[in-house]
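Just below is one structure, and these are the notes that go with it.
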Amino acid sequence: MTPYDKYEAVIGLEVHAQLSTRSKIFCGCSTEFGTAPNSNVCPICLGMPGVLPVLNKHVVDFAIRMGLATNCTIAHRSIFARKNYFYPDLPKGYQISQYEEPICQKGFLDIELENGSTKRIGITRIHMEEDAGKSIHDAGSETLVDVNRCGTPLLEIVSEPDIRSAREAYLYLYKIWQTVKYLGICDGNMEEGSLRCDANVSVRLKGETRFGTKAEVKNMNSFSNVERAIEFEIKRQIDLIEGGGKVIQQTLLWDAEKNVIVPMRSKEEAHDYRYFPDPDLVPVVVTKEWINDVQHSLPELPDAKRKRFVESLGLPKYDAEVLSQERELAEYFEGAVNNLTKKNPEQFKSISNWVMTDVLRVVNEEKISISDFPISPPNLAEMVNLIIDGTISGKIAKEVFDEMLKTKEHPKTIVERKGLVQISDTGAIEKEIDAILAKFPNEITRFRSGEAKLMGFFVGETMKVMKGKANPKVVNEILKKKLEG
Ligand code: ADP
Ligand code: MG
Ligand code: ZN
């Protein structure tokens, strides 16, 4: 037993999701990413005196969506508050956020652990707020400020301290990422900062009921960084305690290049945000009808989809997991399934195999999104239908698949144009087989004296002369009859 085994980690995540509304939360400015610095601004998001913010209704809609998808209670009345701090990228000197009365509370998400069990992670609250601008420190000796991001709508999703390892934190964050993408409320791009995560980490001896002092780790811009940073921080805290030291409450930054954590500020420097209700904004009122409408417009969520793929389509758990990863992929798969002529688990699995291997291989190699994939779901299904009805073999299907990638043609057109129809005519196949058997008398003797694997050789030779178009089932049957009978 190492000293590390004596401890258990306690982790809570604060996740910020940038909402994909077209305009900002309190003004009409565009939220577009990557435009010229300081171009998407107006007196409101610049914090000029005398202006009044007006709440973007879509932001509330998105917050309700996320709240319902994470099993939260939606407040019929919530309020905006001012969070005061001074920083160059915050022209107003305060951020409009929600504090005492957030829009969503007391939800949860379930994560699937590697051992197959499910763990529930509590969600304390979800609130709406505006983003700050960006300070750019790596432009020579000066710091530049770009306030385009000021007023971009965010949801902050705060978890309970229910997470117990870096892996669980990763899985929870993945579930949030998957959920916001399914809901279409955030693009989930962690490198561009559309989804950001701060991790609160503490450790305690196993069996201890009180929590230890937490430190907050920021600046992790990928899933793997989140996992690595938390692992690093857990080890740092245990080493510190084992060495006779004490964890202090502080904010830390993850340095992804050096793979280390560096201090940013300690509790003494912590801000007193002097929160107070924003007098410029009326309370947000959400009626029962509004919540019902949103509830009815929710898409099927990843957990439900995965479960249905296993229970009603008979897919293996692994397939269901891969196919439900992203909504577009799941919809591609289902689009193909709906176009099958024979609907049974064997055919569903066949489509799943094509999607998981051939489709995803191309998508990953070409770095394209599934919606730009050249073969439409009905065409993929049509190709599988041609295998089912015996028109083409699975091997020829690969050729048809590659051709569809290039030409986007209907599989039937390709099969006809290239003369790929499978030959199932027993007479024609028998003729070729007789010719082959006449050529290889020694192999026949060896086969008959027990070298069973030579069957593969005869099948291969037949396929070769028939250019892969012979129905493999018929070839096998005839060869068997001639060689064994
Ligand atoms: P603060 O007031 O410092 O922001 P909060 O109570 O708002 O702290 O909690 C922020 C996050 O920290 C939440 O996700 C919460 O679950 C988590 N958290 C709270 N206490 C601990 C702890 N002792 N160890 C780890 N995480 C914690
Ligand atoms: Mg907090
Ligand atoms: Zn503006």
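Just so you know, these numbers come straight off a predicted model, no measurement behind them. Along the sequence shown, the residues carry numbers beginning at 1. Order of appearance sets the numbers: ligands from 1, and atoms from 1 within every ligand.
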Shortest reach to atom 3 (O) of ligand 1 by a heavy atom, considering only Arg210, Arg204, Glu216, Lys214: Lys214
Phe333 and Phe309: aromatic ring centres closer than 6.0 Å? yes
Does the ring of Tyr275 carry Lys83 above it, NZ/CZ under 6.0 angstrom from centre and within 45° of its axis? no
Sub-4.0 Å atoms of ligand 1 with respect to non-hydrogen atoms of Gly12: 14 (O), 16 (O), 17 (C), 26 (N)
Quick one: does Val201 get an N or O within less than 3.5 Å of an N or O on ligand 1? no
Part of Leu13 within contact of ligand 1 (heavy atoms, under 4.0 Å): backbone
Is the NZ or CZ atom of Arg82 positioned over Phe276's six-membered ring, under 6.0 angstrom from the centre and within 45° of the axis? no
Is there any N or O on Ser159 that sits under 3.5 Å from an N or O of ligand 1? yes
Should you measure from each heavy atom of Glu160, which atoms of ligand 1 turn up under 4.0 Å away? 16 (O)
Using a strict cut-off of 4.0 Å, indicate which atoms of ligand 1 neighbour a heavy atom of Gly212. 23 (N)
Hey, is the Zn ion (ligand 3) within less than 2.8 Å of some N/O/S atom on Cys42? yes
Any nitrogen or oxygen of Ser202, main chain or side chain, under 3.5 Å from a nitrogen or oxygen of ligand 1? yes
Record the part of Val158 in heavy-atom contact with ligand 1 below 4.0 Å; permitted values are side chain, backbone, both and neither. side chain
Trp354 six-ring centre to Lys398 NZ/CZ under 6.0 Å and within 45° of normal: yes
Here the atoms of ligand 1 under 4.0 Å from any heavy atom belonging to Phe211 are 23 (N)
At less than 4.0 angstrom from any non-hydrogen atom of Val10, what atoms of ligand 1 do you find? 24 (N), 25 (C)
Run the salt-bridge test on Asp319 and Arg306 with the 4.0 Å N-O cut-off and return the result as yes or no. no
For a side chain to side chain donor-acceptor pair (under 3.5 Å) check, start with the C-alpha distance between Glu328 and Ser369, then their side-chain angles and the critical distance, and finish with the verdict. CA-CA 9 Å; Glu328 291 75 19; Ser369 90; over 6 Å; no
Could you please spell out the steps behind the side chain to side chain donor-acceptor pair (under 3.5 Å) verdict for Asn225 and Asn221? CA-CA 6 Å; Asn225 275 340; Asn221 67 349; 3.1 Å; yes
Show your reasoning for whether salt bridge (Lys or Arg N to Asp or Glu O under 4.0 Å) applies to Glu208 and Arg210. CA-CA 6 Å; Glu208 173 65 71; Arg210 284 165 308 172; 3.3 Å; yes
